[in-house]
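Here is the structure we will look at.
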Amino acid sequence: MQYCEKRAWLCLFRQAMLFVAGFMLIFGAAQAEAASFAERAGSMSEITAVRVSNSADKTRIVLDGTREASYKVSVLSNPQRIVVDIQNAWISPSLKKSTTIDSRFAKSVRIAQHDTSTVRVVVESSMGKNNYKVFPLKGGSTAYRIVMDFGNLGGSSSGAAIDFNPQPKPKDEDKGTASDSGSGTAGSTGEGTAIGGSTGSDTGSGKGTVTKGEPVFTPGLKGKIIALDAGHGGSDVGAIGPTGVTEKGVTLRVATELQKRLVKEGATVLMTRSTDTEVSPKKAKASDIEELQARCDVGNDQNADIFISLHMDSFTNSSPSGTTGYYYVNGSKAGQRLARTLSEGIVSALGTGNRGTKSCNFYVVKHTTMPAALIEMAFISNDKEERLMNSDEGVKKAADGLVNGLISFFG
(Lines give C-alpha, C1' and ligand atoms only; values in the text may rest on other atoms or scores of the structure.)
Protein backbone atom coordinates (compact mmCIF):
# COMPACT_ATOMS: atom_id res chain seq x y z
CA MET A 1 0.00 0.00 0.00
CA GLN A 2 2.72 2.45 0.96
CA TYR A 3 4.63 1.48 -2.18
CA CYS A 4 1.62 2.30 -4.40
CA GLU A 5 1.13 5.65 -2.70
CA LYS A 6 4.78 6.53 -3.23
CA ARG A 7 4.51 5.58 -6.91
CA ALA A 8 1.44 7.83 -7.31
CA TRP A 9 3.14 10.79 -5.71
CA LEU A 10 6.20 10.20 -7.86
CA CYS A 11 4.08 10.24 -11.03
CA LEU A 12 2.36 13.44 -9.95
CA PHE A 13 5.70 15.04 -9.17
CA ARG A 14 7.10 14.08 -12.55
CA GLN A 15 4.00 15.46 -14.33
CA ALA A 16 4.31 18.71 -12.42
CA MET A 17 7.99 19.02 -13.32
CA LEU A 18 7.21 18.33 -16.99
CA PHE A 19 4.51 21.02 -16.91
CA VAL A 20 6.89 23.54 -15.35
CA ALA A 21 9.60 22.66 -17.88
CA GLY A 22 7.15 23.02 -20.78
CA PHE A 23 5.92 26.34 -19.43
CA MET A 24 9.48 27.61 -19.07
CA LEU A 25 10.26 26.55 -22.64
CA ILE A 26 7.18 28.33 -23.98
CA PHE A 27 7.80 31.37 -21.80
CA GLY A 28 11.43 31.42 -22.86
CA ALA A 29 10.49 31.13 -26.53
CA ALA A 30 7.95 33.93 -26.14
CA GLN A 31 10.57 36.09 -24.44
CA ALA A 32 13.06 35.31 -27.19
CA GLU A 33 10.48 36.09 -29.89
CA ALA A 34 9.56 39.35 -28.13
CA ALA A 35 13.22 40.27 -27.83
CA SER A 36 13.77 39.38 -31.46
CA PHE A 37 10.77 41.48 -32.53
CA ALA A 38 11.93 44.39 -30.37
CA GLU A 39 15.34 44.15 -32.00
CA ARG A 40 13.82 44.00 -35.50
CA ALA A 41 11.32 46.76 -34.70
CA GLY A 42 14.20 49.12 -34.17
CA SER A 43 14.97 48.84 -37.88
CA MET A 44 11.32 48.81 -38.99
CA SER A 45 8.95 51.69 -39.65
CA GLU A 46 6.41 52.16 -36.89
CA ILE A 47 3.06 53.32 -38.30
CA THR A 48 2.06 55.87 -35.70
CA ALA A 49 -1.03 57.54 -37.18
CA VAL A 50 -3.73 57.28 -39.84
CA ARG A 51 -5.12 60.71 -40.71
CA VAL A 52 -8.17 61.28 -42.94
CA SER A 53 -9.30 64.56 -44.51
CA ASN A 54 -12.15 65.29 -46.91
CA SER A 55 -12.79 68.08 -49.38
CA ALA A 56 -15.29 68.62 -52.19
CA ASP A 57 -12.86 67.07 -54.67
CA LYS A 58 -11.09 64.28 -52.85
CA THR A 59 -10.45 62.21 -49.75
CA ARG A 60 -6.86 62.08 -48.47
CA ILE A 61 -5.56 59.35 -46.16
CA VAL A 62 -2.10 59.87 -44.67
CA LEU A 63 -0.11 57.15 -42.90
CA ASP A 64 2.64 58.46 -40.62
CA GLY A 65 5.74 56.30 -40.22
CA THR A 66 9.03 56.57 -38.35
CA ARG A 67 11.15 55.26 -41.23
CA GLU A 68 11.05 54.99 -45.00
CA ALA A 69 9.34 51.79 -46.16
CA SER A 70 8.49 50.15 -49.46
CA TYR A 71 4.90 49.27 -50.28
CA LYS A 72 2.77 47.43 -52.83
CA VAL A 73 -0.66 48.49 -54.10
CA SER A 74 -3.33 46.00 -55.23
CA VAL A 75 -7.09 45.95 -55.83
CA LEU A 76 -9.66 43.52 -54.43
CA SER A 77 -13.25 43.24 -55.64
CA ASN A 78 -16.76 42.61 -54.27
CA PRO A 79 -16.68 45.16 -52.76
CA GLN A 80 -13.82 47.01 -54.39
CA ARG A 81 -10.95 47.74 -52.01
CA ILE A 82 -7.60 49.40 -52.56
CA VAL A 83 -4.94 47.53 -50.58
CA VAL A 84 -1.53 48.91 -49.58
CA ASP A 85 0.93 46.45 -48.04
CA ILE A 86 3.71 48.31 -46.24
CA GLN A 87 6.85 46.21 -45.96
CA ASN A 88 9.17 46.08 -42.95
CA ALA A 89 6.66 47.92 -40.76
CA TRP A 90 4.65 47.47 -37.60
CA ILE A 91 1.62 49.17 -36.07
CA SER A 92 1.87 51.36 -33.00
CA PRO A 93 -0.21 49.71 -30.20
CA SER A 94 -2.21 52.90 -29.63
CA LEU A 95 -3.25 53.26 -33.27
CA LYS A 96 -6.96 53.15 -34.12
CA LYS A 97 -7.45 50.18 -36.43
CA SER A 98 -10.63 51.19 -38.30
CA THR A 99 -12.11 54.52 -39.43
CA THR A 100 -15.39 55.22 -41.20
CA ILE A 101 -15.04 57.92 -43.87
CA ASP A 102 -17.97 60.20 -44.64
CA SER A 103 -17.16 60.70 -48.32
CA ARG A 104 -18.43 59.65 -51.75
CA PHE A 105 -14.82 58.81 -52.66
CA ALA A 106 -14.12 56.26 -49.91
CA LYS A 107 -16.21 54.44 -47.28
CA SER A 108 -13.67 53.25 -44.74
CA VAL A 109 -10.01 52.58 -43.99
CA ARG A 110 -8.72 49.64 -41.93
CA ILE A 111 -5.19 48.84 -40.82
CA ALA A 112 -3.82 45.54 -39.46
CA GLN A 113 -0.56 43.69 -38.88
CA HIS A 114 -0.80 41.29 -41.84
CA ASP A 115 2.31 39.38 -40.74
CA THR A 116 5.33 40.05 -38.54
CA SER A 117 6.83 42.53 -41.01
CA THR A 118 3.88 43.73 -43.12
CA VAL A 119 1.23 46.32 -42.30
CA ARG A 120 -1.86 46.05 -44.49
CA VAL A 121 -4.05 49.09 -45.16
CA VAL A 122 -7.44 48.48 -46.80
CA VAL A 123 -9.55 51.32 -48.19
CA GLU A 124 -13.07 50.53 -49.35
CA SER A 125 -13.54 52.70 -52.43
CA SER A 126 -15.20 52.37 -55.84
CA MET A 127 -12.76 54.78 -57.50
CA GLY A 128 -11.25 53.60 -60.80
CA LYS A 129 -7.53 53.41 -61.49
CA ASN A 130 -7.37 57.03 -62.71
CA ASN A 131 -9.12 58.36 -59.61
CA TYR A 132 -6.83 57.19 -56.85
CA LYS A 133 -3.14 57.71 -56.27
CA VAL A 134 -0.67 56.41 -53.68
CA PHE A 135 2.66 58.15 -53.17
CA PRO A 136 5.33 58.67 -50.47
CA LEU A 137 6.42 61.89 -48.76
CA LYS A 138 9.68 62.36 -46.87
CA GLY A 139 10.86 65.01 -44.47
CA GLY A 140 9.06 67.60 -42.38
CA SER A 141 7.88 66.98 -38.85
CA THR A 142 7.09 63.36 -39.76
CA ALA A 143 9.98 61.22 -40.97
CA TYR A 144 7.97 59.36 -43.61
CA ARG A 145 4.41 59.41 -44.90
CA ILE A 146 2.41 57.38 -47.38
CA VAL A 147 -0.40 59.43 -48.94
CA MET A 148 -3.51 57.93 -50.52
CA ASP A 149 -5.71 60.30 -52.55
CA PHE A 150 -9.16 59.38 -53.90
CA GLY A 151 -11.41 61.52 -56.13
CA ASN A 152 -10.88 64.41 -58.54
CA LEU A 153 -7.11 64.40 -58.54
CA GLY A 154 -6.20 67.75 -60.00
CA GLY A 155 -8.91 68.56 -62.51
CA SER A 156 -10.48 67.21 -65.63
CA SER A 157 -10.21 64.56 -68.24
CA SER A 158 -7.42 62.09 -68.16
CA GLY A 159 -8.64 59.63 -70.78
CA ALA A 160 -8.56 61.10 -74.26
CA ALA A 161 -7.43 64.47 -72.97
CA ILE A 162 -3.93 63.35 -72.01
CA ASP A 163 -1.33 65.68 -73.47
CA PHE A 164 1.74 63.53 -74.12
CA ASN A 165 3.83 66.41 -75.50
CA PRO A 166 4.39 69.79 -73.88
CA GLN A 167 1.95 72.25 -75.37
CA PRO A 168 3.32 75.57 -76.67
CA LYS A 169 2.48 78.38 -74.31
CA PRO A 170 -0.72 79.95 -75.62
CA LYS A 171 -0.81 83.54 -76.76
CA ASP A 172 -2.83 85.96 -74.67
CA GLU A 173 -5.74 85.85 -77.10
CA ASP A 174 -5.90 82.04 -76.77
CA LYS A 175 -6.32 81.88 -72.99
CA GLY A 176 -10.10 81.84 -72.99
CA THR A 177 -12.69 84.33 -71.90
CA ALA A 178 -13.11 83.53 -68.23
CA SER A 179 -11.29 85.67 -65.68
CA ASP A 180 -9.68 82.61 -64.08
CA SER A 181 -7.92 81.85 -67.43
CA GLY A 182 -6.81 78.45 -68.66
CA SER A 183 -8.74 75.68 -70.20
CA GLY A 184 -9.36 73.33 -67.33
CA THR A 185 -8.26 70.33 -69.38
CA ALA A 186 -5.29 68.04 -68.96
CA GLY A 187 -2.12 69.65 -70.18
CA SER A 188 -3.37 73.24 -70.03
CA THR A 189 -1.63 75.89 -68.00
CA GLY A 190 -4.68 76.94 -66.03
CA GLU A 191 -7.40 74.83 -64.49
CA GLY A 192 -6.57 71.24 -63.95
CA THR A 193 -4.46 68.40 -65.20
CA ALA A 194 -5.38 64.83 -65.97
CA ILE A 195 -6.80 62.85 -63.06
CA GLY A 196 -4.06 60.40 -62.34
CA GLY A 197 -3.23 60.60 -66.01
CA SER A 198 0.23 60.21 -67.49
CA THR A 199 1.96 63.17 -69.04
CA GLY A 200 5.28 63.37 -70.80
CA SER A 201 6.84 62.47 -74.12
CA ASP A 202 4.72 60.59 -76.62
CA THR A 203 7.55 58.37 -77.86
CA GLY A 204 7.92 54.62 -78.15
CA SER A 205 4.24 53.95 -77.53
CA GLY A 206 1.10 53.97 -79.61
CA LYS A 207 1.13 54.81 -83.31
CA GLY A 208 2.94 57.64 -85.02
CA THR A 209 1.52 61.12 -85.37
CA VAL A 210 -0.88 61.37 -88.29
CA THR A 211 -0.40 63.99 -91.02
CA LYS A 212 -3.82 65.36 -91.88
CA GLY A 213 -4.77 66.93 -95.19
CA GLU A 214 -7.64 69.27 -95.91
CA PRO A 215 -10.71 67.19 -96.79
CA VAL A 216 -13.55 68.29 -99.05
CA PHE A 217 -17.06 67.38 -97.89
CA THR A 218 -20.44 67.45 -99.53
CA PRO A 219 -23.12 69.38 -97.60
CA GLY A 220 -25.35 67.70 -95.05
CA LEU A 221 -25.10 64.78 -92.65
CA LYS A 222 -26.49 62.08 -94.94
CA GLY A 223 -23.86 59.51 -95.85
CA LYS A 224 -21.24 60.87 -93.46
CA ILE A 225 -19.26 58.44 -91.28
CA ILE A 226 -18.81 59.94 -87.82
CA ALA A 227 -16.66 58.39 -85.06
CA LEU A 228 -18.11 59.30 -81.69
CA ASP A 229 -16.00 58.85 -78.55
CA ALA A 230 -17.71 58.99 -75.15
CA GLY A 231 -14.77 59.91 -72.92
CA HIS A 232 -13.66 57.59 -70.09
CA GLY A 233 -15.62 54.46 -69.11
CA GLY A 234 -15.27 51.31 -67.06
CA SER A 235 -12.60 51.65 -64.39
CA ASP A 236 -11.90 55.22 -65.51
CA VAL A 237 -14.75 57.36 -64.17
CA GLY A 238 -13.23 60.66 -65.26
CA ALA A 239 -14.06 63.77 -63.24
CA ILE A 240 -16.68 63.63 -60.49
CA GLY A 241 -19.21 66.37 -59.72
CA PRO A 242 -20.18 67.77 -56.30
CA THR A 243 -23.08 65.32 -55.95
CA GLY A 244 -21.21 62.33 -57.37
CA VAL A 245 -22.19 62.58 -61.04
CA THR A 246 -19.41 61.01 -63.12
CA GLU A 247 -17.91 62.28 -66.34
CA LYS A 248 -18.05 58.80 -67.91
CA GLY A 249 -21.80 58.66 -67.31
CA VAL A 250 -22.54 62.08 -68.79
CA THR A 251 -20.44 61.53 -71.91
CA LEU A 252 -22.08 58.18 -72.64
CA ARG A 253 -25.59 59.62 -72.25
CA VAL A 254 -24.83 62.50 -74.62
CA ALA A 255 -23.06 60.24 -77.13
CA THR A 256 -25.98 57.79 -77.16
CA GLU A 257 -28.51 60.59 -77.70
CA LEU A 258 -26.33 62.14 -80.41
CA GLN A 259 -25.99 58.77 -82.16
CA LYS A 260 -29.78 58.47 -82.44
CA ARG A 261 -30.11 61.89 -84.01
CA LEU A 262 -27.26 61.44 -86.44
CA VAL A 263 -28.57 58.06 -87.63
CA LYS A 264 -31.97 59.68 -88.16
CA GLU A 265 -30.23 62.24 -90.39
CA GLY A 266 -28.72 59.46 -92.49
CA ALA A 267 -25.21 59.36 -91.01
CA THR A 268 -23.26 56.26 -90.02
CA VAL A 269 -22.05 56.48 -86.42
CA LEU A 270 -19.04 54.55 -85.09
CA MET A 271 -19.23 54.45 -81.29
CA THR A 272 -15.96 53.85 -79.44
CA ARG A 273 -18.12 52.53 -76.60
CA SER A 274 -21.86 52.02 -76.16
CA THR A 275 -21.72 50.83 -72.54
CA ASP A 276 -19.81 51.60 -69.35
CA THR A 277 -16.56 49.93 -70.34
CA GLU A 278 -13.03 50.52 -71.54
CA VAL A 279 -12.38 50.40 -75.31
CA SER A 280 -9.09 48.49 -75.34
CA PRO A 281 -9.39 44.67 -75.39
CA LYS A 282 -7.16 44.72 -72.31
CA LYS A 283 -9.88 46.63 -70.44
CA ALA A 284 -8.70 47.95 -67.05
CA LYS A 285 -5.24 46.42 -67.57
CA ALA A 286 -4.54 48.61 -70.61
CA SER A 287 -2.06 51.45 -70.35
CA ASP A 288 -3.28 54.99 -71.02
CA ILE A 289 -1.81 54.95 -74.52
CA GLU A 290 -3.27 51.52 -75.34
CA GLU A 291 -6.71 52.70 -74.30
CA LEU A 292 -6.47 55.95 -76.24
CA GLN A 293 -5.10 54.25 -79.35
CA ALA A 294 -8.00 51.79 -79.26
CA ARG A 295 -10.36 54.76 -79.44
CA CYS A 296 -8.45 56.25 -82.38
CA ASP A 297 -8.52 52.89 -84.16
CA VAL A 298 -12.33 52.87 -84.19
CA GLY A 299 -12.28 55.89 -86.51
CA ASN A 300 -9.05 55.16 -88.37
CA ASP A 301 -9.82 51.54 -89.25
CA GLN A 302 -13.24 52.37 -90.69
CA ASN A 303 -12.25 55.57 -92.51
CA ALA A 304 -14.49 57.93 -90.58
CA ASP A 305 -15.00 61.41 -92.01
CA ILE A 306 -14.60 63.08 -88.60
CA PHE A 307 -13.82 62.10 -84.99
CA ILE A 308 -15.51 63.69 -81.95
CA SER A 309 -14.41 63.03 -78.36
CA LEU A 310 -16.86 64.19 -75.66
CA HIS A 311 -15.73 65.20 -72.17
CA MET A 312 -16.67 67.21 -69.10
CA ASP A 313 -14.33 69.79 -67.62
CA SER A 314 -13.49 70.11 -63.92
CA PHE A 315 -11.65 72.34 -61.50
CA THR A 316 -10.78 72.34 -57.81
CA ASN A 317 -13.61 74.76 -56.99
CA SER A 318 -17.09 75.28 -58.41
CA SER A 319 -16.58 78.72 -59.98
CA PRO A 320 -15.38 77.96 -63.55
CA SER A 321 -18.03 77.17 -66.15
CA GLY A 322 -18.50 76.99 -69.88
CA THR A 323 -17.67 75.03 -73.03
CA THR A 324 -14.30 74.60 -74.77
CA GLY A 325 -13.33 73.03 -78.09
CA TYR A 326 -9.89 71.52 -78.77
CA TYR A 327 -8.10 70.64 -82.01
CA TYR A 328 -4.64 69.24 -82.80
CA VAL A 329 -2.04 72.01 -82.87
CA ASN A 330 -0.49 70.70 -86.12
CA GLY A 331 -3.70 69.41 -87.63
CA SER A 332 -5.91 70.54 -90.48
CA LYS A 333 -7.90 73.72 -90.59
CA ALA A 334 -10.94 71.47 -90.81
CA GLY A 335 -10.16 70.13 -87.33
CA GLN A 336 -10.01 73.66 -85.95
CA ARG A 337 -13.28 74.54 -87.64
CA LEU A 338 -14.89 71.34 -86.32
CA ALA A 339 -13.91 72.23 -82.74
CA ARG A 340 -15.33 75.73 -83.20
CA THR A 341 -18.68 74.77 -84.72
CA LEU A 342 -19.30 71.99 -82.18
CA SER A 343 -18.49 74.16 -79.15
CA GLU A 344 -20.57 77.04 -80.53
CA GLY A 345 -23.47 74.63 -81.09
CA ILE A 346 -23.38 73.46 -77.47
CA VAL A 347 -23.07 77.01 -76.13
CA SER A 348 -26.10 78.06 -78.14
CA ALA A 349 -28.16 75.05 -77.03
CA LEU A 350 -27.17 74.92 -73.34
CA GLY A 351 -26.48 78.56 -72.61
CA THR A 352 -23.03 77.78 -71.23
CA GLY A 353 -20.24 80.32 -71.51
CA ASN A 354 -18.04 80.15 -74.60
CA ARG A 355 -14.44 79.53 -73.52
CA GLY A 356 -13.32 79.41 -77.14
CA THR A 357 -11.35 76.87 -79.16
CA LYS A 358 -7.75 75.99 -78.38
CA SER A 359 -4.95 73.98 -79.91
CA CYS A 360 -3.62 70.94 -78.06
CA ASN A 361 -1.60 67.73 -78.34
CA PHE A 362 -4.28 65.48 -76.88
CA TYR A 363 -3.79 61.92 -78.04
CA VAL A 364 -7.12 61.28 -79.74
CA VAL A 365 -7.02 64.43 -81.86
CA LYS A 366 -3.36 63.87 -82.70
CA HIS A 367 -3.49 60.19 -83.72
CA THR A 368 -6.67 60.15 -85.81
CA THR A 369 -6.45 60.34 -89.60
CA MET A 370 -9.47 62.61 -90.06
CA PRO A 371 -10.46 66.06 -88.72
CA ALA A 372 -10.93 65.59 -84.98
CA ALA A 373 -12.14 67.66 -82.05
CA LEU A 374 -12.31 67.15 -78.31
CA ILE A 375 -15.19 68.99 -76.68
CA GLU A 376 -15.37 69.86 -72.98
CA MET A 377 -19.13 70.35 -72.92
CA ALA A 378 -19.41 71.97 -69.48
CA PHE A 379 -17.83 71.92 -66.01
CA ILE A 380 -18.95 68.95 -63.94
CA SER A 381 -17.38 70.65 -60.91
CA ASN A 382 -19.84 73.55 -61.30
CA ASP A 383 -23.04 72.88 -59.33
CA LYS A 384 -25.36 74.34 -61.96
CA GLU A 385 -23.67 72.67 -64.93
CA GLU A 386 -23.48 69.31 -63.14
CA ARG A 387 -27.26 69.42 -62.59
CA LEU A 388 -27.84 70.49 -66.18
CA MET A 389 -25.73 67.73 -67.73
CA ASN A 390 -27.21 65.09 -65.41
CA SER A 391 -30.74 65.91 -66.59
CA ASP A 392 -32.58 64.48 -69.58
CA GLU A 393 -33.20 68.03 -70.78
CA GLY A 394 -29.51 68.91 -70.62
CA VAL A 395 -28.46 65.72 -72.44
CA LYS A 396 -30.97 66.34 -75.22
CA LYS A 397 -29.96 69.99 -75.57
CA ALA A 398 -26.28 69.03 -75.75
CA ALA A 399 -27.06 66.52 -78.50
CA ASP A 400 -29.11 69.17 -80.34
CA GLY A 401 -26.21 71.60 -80.12
CA LEU A 402 -23.75 69.05 -81.46
CA VAL A 403 -26.03 68.19 -84.39
CA ASN A 404 -26.37 71.89 -85.23
CA GLY A 405 -22.60 72.26 -84.98
CA LEU A 406 -22.10 69.38 -87.43
CA ILE A 407 -24.64 70.81 -89.87
CA SER A 408 -22.72 74.09 -89.77
CA PHE A 409 -19.40 72.27 -90.22
CA PHE A 410 -20.48 70.29 -93.28
CA GLY A 411 -22.28 73.34 -94.69
Side-chain angles (χ1 to χ4, degrees), residues 159-162 164 202 205-233 251-252 254-275 277-283 286 288-311 325-343 345 357 359-375 399 402-411:
I162 293 175
F164 287 99
D202 181 11
S205 301
K207 297 183 179 179
T209 303
V210 175
T211 302
K212 304 181 183 183
E214 293 297 336
V216 178
F217 295 112
T218 57
L221 294 172
K222 187 175 181 179
K224 300 300 188 299
I225 302 175
I226 299 171
L228 195 53
D229 176 38
H232 307 278
T251 60
L252 183 58
V254 174
T256 302
E257 185 67 27
L258 178 56
Q259 178 191 27
K260 294 177 185 178
R261 296 174 189 233
L262 292 175
V263 169
K264 189 175 181 180
E265 294 290 334
T268 298
V269 180
L270 310 174
M271 299 283 281
T272 60
R273 66 182 184 96
S274 299
T275 59
T277 185
E278 298 86 358
V279 179
S280 168
K282 293 184 177 180
K283 300 301 179 183
D288 289 328
I289 291 179
E290 288 172 331
E291 172 66 15
L292 299 179
Q293 187 60 52
R295 293 170 187 261
C296 295
D297 290 344
V298 171
N300 292 344
D301 293 349
Q302 300 186 62
N303 298 314
D305 292 309
I306 60 172
F307 185 100
I308 305 169
S309 187
L310 298 177
H311 288 263
Y326 288 91
Y327 58 92
Y328 176 41
V329 65
N330 293 322
S332 65
K333 291 181 180 179
Q336 182 175 351
R337 186 162 54 88
L338 179 63
R340 176 176 57 80
T341 60
L342 290 175
S343 59
T357 54
S359 63
C360 68
N361 280 302
F362 298 154
Y363 196 97
V364 295
V365 298
K366 182 178 181 179
H367 292 264
T368 41
T369 57
M370 67 294 298
L374 184 147
I375 307 298
L402 290 164
V403 169
N404 291 336
L406 287 171
I407 291 172
S408 176
F409 171 77
F410 288 116

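Distance alone, capped at 3.5 Å, places no donor-acceptor pair between the Asp229 side chain and the Val298 backbone. Ser408 contributes no side-chain N or O that, together with a main-chain N or O of Asn404, makes up a donor-acceptor pair within less than 3.5 Å.
Geometric assessment of Lys224 against the ring of Phe217 yields a negative cation-pi assignment under the 6.0 Å and 45° thresholds.
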**Request:** Test side chain to side chain contact (heavy atoms under 4.5 Å, CB included) on Ile225 and Asn303 and set out the steps.
**Result:** CA-CA 8 Å; Ile225 302 175; Asn303 298 314; 5.6 Å; no
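Screening Val263, Leu228, Ile226, Val269 for a side-chain contact (heavy atoms from CB on, under 4.5 Å) with Leu258, the sole residue that qualifies is Leu228. Each of Gln293, Glu291, Arg295 was scored for a side chain to side chain donor-acceptor pair (under 3.5 Å) with Tyr363, with one residue passing: Gln293.
Considering every non-hydrogen atom in both Thr272 and Val279, the closest pair reads O-CG2, 3.4 Å. Across every non-hydrogen atom of Asn361 and Val329, the tightest pair is OD1-CG1, 3.4 Å. The two atoms that bring Arg273 and Thr251 nearest to each other are NH2-OG1, 3.3 Å, heavy atoms only. Nearest heavy-atom pair, Leu406 versus Leu338, reported as atom, atom and distance to 0.1 Å: CD2-CD1, 3.9 Å. Of all heavy-atom pairs between Ala286 and Glu290, the closest is CA-OE1, 3.5 Å. Scanning all heavy atoms of the two residues, the minimum distance from Cys296 to Val364 falls at SG-CA, 3.6 Å.
Using a 4.5 Å cut-off on side-chain heavy atoms (C-beta onward), Glu257 and Leu402 make no contact. Counting only heavy atoms from C-beta outward, the side chains of Cys360 and Val365 approach each other to under 4.5 Å. Counting heavy atoms from C-beta outward, Val403 and Leu221 have side chains that approach closer than 4.5 Å.
Between Tyr326 and Phe362, the two ring planes are tilted [angle within 30° to 60°].
With sequence neighbours excluded, the residues that form a side-chain contact (heavy atoms from CB on, under 4.5 Å) with Ala339 are Tyr327, Thr357, Ala373.
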